[in-house]
Amino acid sequence: MSEEKDFSLLENRIKYIFKDSRLLTVALTHSSYCNENRKRGFSVSNERSEFLGDSILSVITAEFLFNKFPEADEGFLTRTRAALVCEDTLAKFANSISLGDFMLFGKGESVPSGGRHRKSTIADAFEALIAAIYLDGGMESAKAFVLPFITSSVDSVIKAGTEDYKSRLQRIVQQTPEEVLSYTLVGEEGPPHDRTFSYEVYLNSNLLGKGKGRSKREAEQVAAREALILLGELDESDA
């Protein structure tokens, strides 16, 4: 391996020791590392783990909020969950355990583009880490890892009272149950270490907005913002 990492330091930090260390290695392997080391057997990045971790995080957070706020309506629960699992919040969680320092990057991603500290990259790695813990130790182990982050942040998230563009658009659309909101990935540009994603958001079959971003989340948010402007729910000058 061209980049040596002492993952035991991370295991001590997150208070979880892996039975299968390969799961942790995959969770911390960026696609740029695979691209540069494919001939040496490194063919699996953390992208699939990120997909699984995102779903597990959503379930754990939803259950926590459902139990913590028994009188809250669906709108409050949805907005709070969205704020707790958004890219900015997950990046803060990742930074609190210095997750980027343990990741395996290709040379082109780690240094010139600052990938080790990019919000989208470490937020994705945090989700991949959740998936690795789940696969290694089950749901209870995943909850034991995730819940301290959620419980320590929920009050500040509620106090901030912020609602991202996707959540705001979803809330508006849900007022008409038969309407279907969907996001479609329509393009990817750039090298693996510096991708730009393009998304479109549709209401049924009607295009409402387009967006580009350095991560899929960012592109979806930009598309949702454009949709809100089109629907007259947001001024174009609003941040």
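All figures in this text were calculated on a predicted structure; none of them were measured in a lab.
- Using a 4.0 Å cut-off between charged side-chain N and carboxylate O, Glu127 and Arg217 make a salt bridge.
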For residues 53-62, tabulate all N or O donor-acceptor pairs below 3.5 Å that involve a side-chain atom, not counting sequence neighbours.
{"unit_1": "Ser58", "atom_1": "OG", "unit_2": "Arg81", "atom_2": "NH1", "d": "3.4"}
{"unit_1": "Thr61", "atom_1": "OG1", "unit_2": "Leu57", "atom_2": "O", "d": "2.7"}

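- Side-chain contact check for Glu189 versus Lys212: some heavy-atom pair is nearer than 4.5 Å.
- When all heavy atoms are compared, the tightest approach of Ser49 to Val26 is OG-CG1, 3.8 Å.
- Side-chain atoms of Ser141 do not come within 3.5 Å of backbone N or O of Ile133 as any donor-acceptor pair.
- The minimum heavy-atom distance linking Leu99 with Ile122 is given by the pair CD2-O, 4.1 Å.
- Heavy-atom minimum distance, Val201 versus Leu207: O-CD1, 3.6 Å.
- Of the charged side-chain nitrogens involved, at least one lies within less than 4.0 Å of a carboxylate oxygen, so that Glu220 and Lys166 count as a salt-bridged pair.
- Thr25 has its side chain out of reach of Val44: every pair of non-hydrogen atoms, C-beta onward, lies at least 4.5 Å apart.
- Residues Glu87 and Ser215 meet the side-chain proximity criterion, which asks for heavy atoms closer than 4.5 Å.
- Judged purely by atom type and a 3.5 angstrom limit, Ser98 has no side-chain atom pairing as donor or acceptor with the backbone of Asp101.
- Side chains of Gln170 and Thr78: no donor on one and acceptor on the other come within 3.5 Å.
- Around the CZ atom of Phe66, the shell of radius 6.0 Å holds no more than 12 heavy atoms that belong to other residues, nucleotides or ligands.
- Scanning both residues, Asn46 and Ala27, for their nearest heavy atoms gives ND2-O, 3.1 Å.
- Rounded to the nearest 0.5 Å, atoms CG (Leu228) and CG (Leu169) are 5.0 Å apart.
- Within 6.0 Å of NZ in Lys19 there are more than 12 heavy atoms belonging to other residues, nucleotides or ligands.
- In this pair, Phe149 and Phe126 present their aromatic rings perpendicular. The plane angle is above 60°, beyond the 30 to 60° band.
- Screening residues 59-71 for salt bridge (charged side-chain N to carboxylate O under 4.0 Å, His left out), with sequence neighbours left out, gives Glu63-Lys143.
- In this structure, Tyr16 has its ring center no closer than 6.0 Å to that of Phe145.
- A donor-acceptor pair is defined here as one N or O able to donate and one able to accept, closer than 3.5 Å; such a pair exists between the side chain of Ser156 and the backbone of Ser153.
- No donor-acceptor pair under 3.5 Å is formed between the side chain of Glu50 and the backbone N or O of Ala128.
- When all heavy atoms of Arg214 and Ser120 are compared, the closest pair comes out as O-OG, 4.2 Å.
- Looking only at side-chain heavy atoms (C-beta outward), Val186 and Tyr199 stay at 4.5 Å or farther from each other.
- By the 4.5 Å heavy-atom criterion applied to side chains, Asp88 and Lys119 are counted as neighbours.
- Counting heavy atoms of neighbouring residues, nucleotides and ligands inside a 6.0 Å radius, atom CZ of Phe93 exceeds 12 of them.
- Applying the 6.0 Å contact sphere to CZ of Arg13 captures more than 12 heavy atoms from other residues, nucleotides or ligands.
- Within 6.0 Å of the CZ atom in Phe51, the count of heavy atoms belonging to other residues, nucleotides or ligands does not exceed 12.
- Minimum interatomic distance between Val154 and Thr80 (heavy atoms only, all atoms of both residues): CG2-CG2, 4.2 Å.
- Counting heavy atoms from C-beta on, the side chains of Glu200 and Tyr183 never come closer than 4.5 Å.
- A donor-acceptor pair under 3.5 Å links the side-chain atoms of Arg168 to the main chain of Glu233, judged by distance alone.
- Between the Asn204 side chain and the Asn206 main chain, no donor and acceptor come within less than 3.5 Å of each other.
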